[in-house]
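Counting convention: from 1, in listed order, for ligands and their atoms alike. Small disclaimer: the values here were computed from a predicted structure and weren't measured. Just the heavy atoms: all of them, side chains too, but no hydrogens, waters or symmetry mates, feed the values below.
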Amino acid sequence: MYCCMLRSFHIKGNNLIQLTRASFSQNPQSLATASKLFSCSAYQCTHSPVSGSLWRPLTHRTHQPAVSSRCMSSIVRRRRLPSAFPVIDGEFHPAHRHVYEANLRNSLICQQKYLEHKEKVMKGGGENAIARHTQRNRKVLVRDRLRMLLDDEDYLELSPFAGLGLPYGDIPSAGCLTGIGKINGLWCMFVANDATVKGGTAYPITVKKQLRAQIVAMQNRLPSVYLVDSGGAFLPLQSEIFPDRNHGGRTFYNEAVMSAMKIPQVSVVCGSCTAGGAYVPTMSEEAVIVHRIGTIFLGGPPLVKAATGEEVSPEDLGGARLHSEVSGCVDHFAAMEDEAYEYTRNIISTLNYELPEEDNTQVEEPLYNMDDLMGLAPRCYNHSMDVRLIVSRLTDGSRFQEFKARYGTTLLTGFARIEGHQIGIVANNGELTYEASLKGSHFVQLCDQRDIPLLFLQNTAPEPAHTISQTKAESNTDRLKAQGSMMSAVACASVPKITVVIGGCHGGDSYAMCGRAFDPNFLFLWPNARVSMLAPGHSDALVQTEEEITQINEMLEEESSAFFSTGRLWDDGVILPQDTRKVLSKCLKIIKQQEYQLSREKKRTPLLRL
Ligand code: COA
């Protein structure tokens, strides 16, 4: 088999030489294709006998989609060459003023909607539920709990608007706050039920949000803290919560897998942990319970009464004393809530991390005003301005080292820093053509080779390219192949990826630009973003009658809004354009922390408590 493969490589090699000699003078593209084939063949020659596969990607590594545990930068600081990162021109042309102003008007409307959503979710389950929670049940509100747990309020909340505008109603923050904040200097994921929203019961969107938080924790190796205060499944929707792979049970499966991956998990039982909810603390590595507030049971007192006729108090059935003194389900007994968060902070302080000294190097701010991003956020595809104007308002000192500046110019690629973290930027600047896709594929592989995280600024075309002639059909086929290549490069790149949808997220182009299906570590939307197969107003070629066109357009108008998307948790949240740099910097710091966990590579089984 080995000889056979060598021969096939040889033959391919000869063919390539002939192809190159014969056709390069007529078609310069053929040289690029030929060199690609050489690389593939050489790779095949070296590796196929071991792997047994006929072809593996150029950047072959053991691909682990959910986890990236590789080092991303060297610890030794090198002198920075100012010439390596030239300042880019961020001034916009006066002739584009009207485009800027139209975008700004739209962004202000979107910002208003953002603020209204924010106000709504800050109220949780409403006044009555808050009174019941604090006065009758004597519990602390979820945001105050986070204040006690975290070092400061500078945390990254994920998908705060998830749950708004769903067919089964508005579920503020999906009844559960998730995000990443610092505990004792360490970035940790938190998953905190809000019991003012229907007793903290889990709706389908709550389950989805908890699972997303666990995926983020796994991808970025984040210690996780669960603040459990939940009545278990929301029974009327049980068929959408219980049976499937990515339903409630997956939370517990993930807990075990995370533990085996050496991702520490701690639970604080600060309310009810009923039915499925009872497994969250019992599968955590350490658990704290609050006296008179925390309870853990599979079936509560009403079920005991129905089954045996016996009357029992929640405290006797599954309270703090029982679980810390008799069952051993929890490890720490806290008399009050604040003590429970103190215990948790102490637990986190024992985790085996060696964090670097605080880096006091002065970071260069962008030279251009970040508020301008409101006028650069395109209200529709036709209102997109040069994406360099956006990049110049995000990167340190507005500096950017462009890659392949003269080729495939509808995609901008290059290197920059955000608050000192080096990144590779891939940004739409027009349609994702054949050349742009090849360039994107090349650049993504380059970053993967060099272990540089990728930032995708996505603004894809509103509809697929039309095939109106034979020549167009050929060019569309080439584009398809090149986009397929870029998708492979993006899917298999094992560096961290962050996507920000700054305009459109439509059709196949959005996959190559690392849309949700391509598993970026984080994906955010600007409030002006549109997420749909086609943008509104672009369905005429697909439907027949005026009535159908109107109907589809109305549907696309509603369903493509950033708020529709984020309500369904297709992203990690809507962020304001002017906050983007701050959010990106936080994400990059969070992603980097995994480098400081000691002995993370050792294989372990999950921690089995009892
Ligand atoms: N499914 C659907 N709705 C539920 C629910 C559940 N599992 N648990 C609570 N609710 C609803 C209540 O009906 C109430 O609705 P309302 O505000 O429209 O009146 C709301 O959630 C708050 O419940 P309430 O009991 O008033 O609040 P509380 O904070 O004092 O107690 C619980 C919360 C969760 C401790 C308590 O409701 C409880 O024990 N629920 C049953 C839990 C259970 O057996 N779950 C099994 C699920 S498989």
Can you give me every donor-acceptor pair (side chain of residues 292-315, partner residue at least two apart or in another chain, under 3.5 Å) with its distance?
unit_1 : atom_1 : unit_2 : atom_2 : d
T308   : OG1    : V304   : O      : 2.9
T308   : OG1    : E310   : N      : 3.2
S313   : OG     : D316   : N      : 3.0
S313   : OG     : D316   : OD2    : 3.4

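In this view, E337 and R145 satisfy the salt bridge (charged side-chain N to carboxylate O under 4.0 Å, His left out) rule, not counting sequence neighbours. In this structure D151 satisfies the salt bridge (charged side-chain N to carboxylate O under 4.0 Å, His left out) test together with R345, sequence neighbours excluded.
With contacts defined as side-chain heavy-atom distances shorter than 4.5 Å, the pair I180/L222 qualifies. Side-chain contact between R530 and P536: present, with at least one pair of heavy atoms (C-beta onward) separated by less than 4.5 Å.
Of the residues listed (W526, F161, F563), the one engaging Y114 in a ring pair (Phe, Tyr, Trp, His ring centres under 6.0 Å) is F161, and it is the only one.
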What does the contact table look like for ligand 1 (nitrogen or oxygen on each side, cut-off under 3.5 Å)?
unit_1   : atom_1 : unit_2 : atom_2 : d
ligand 1 : 1 (N)  : L235   : N      : 3.2
ligand 1 : 7 (N)  : A233   : O      : 3.0
ligand 1 : 15 (O) : K198   : NZ     : 3.4
ligand 1 : 18 (O) : K198   : NZ     : 2.6
ligand 1 : 29 (O) : N137   : ND2    : 3.0
ligand 1 : 30 (O) : R136   : NH2    : 2.3
ligand 1 : 30 (O) : N137   : ND2    : 3.3
ligand 1 : 45 (N) : G231   : O      : 2.8

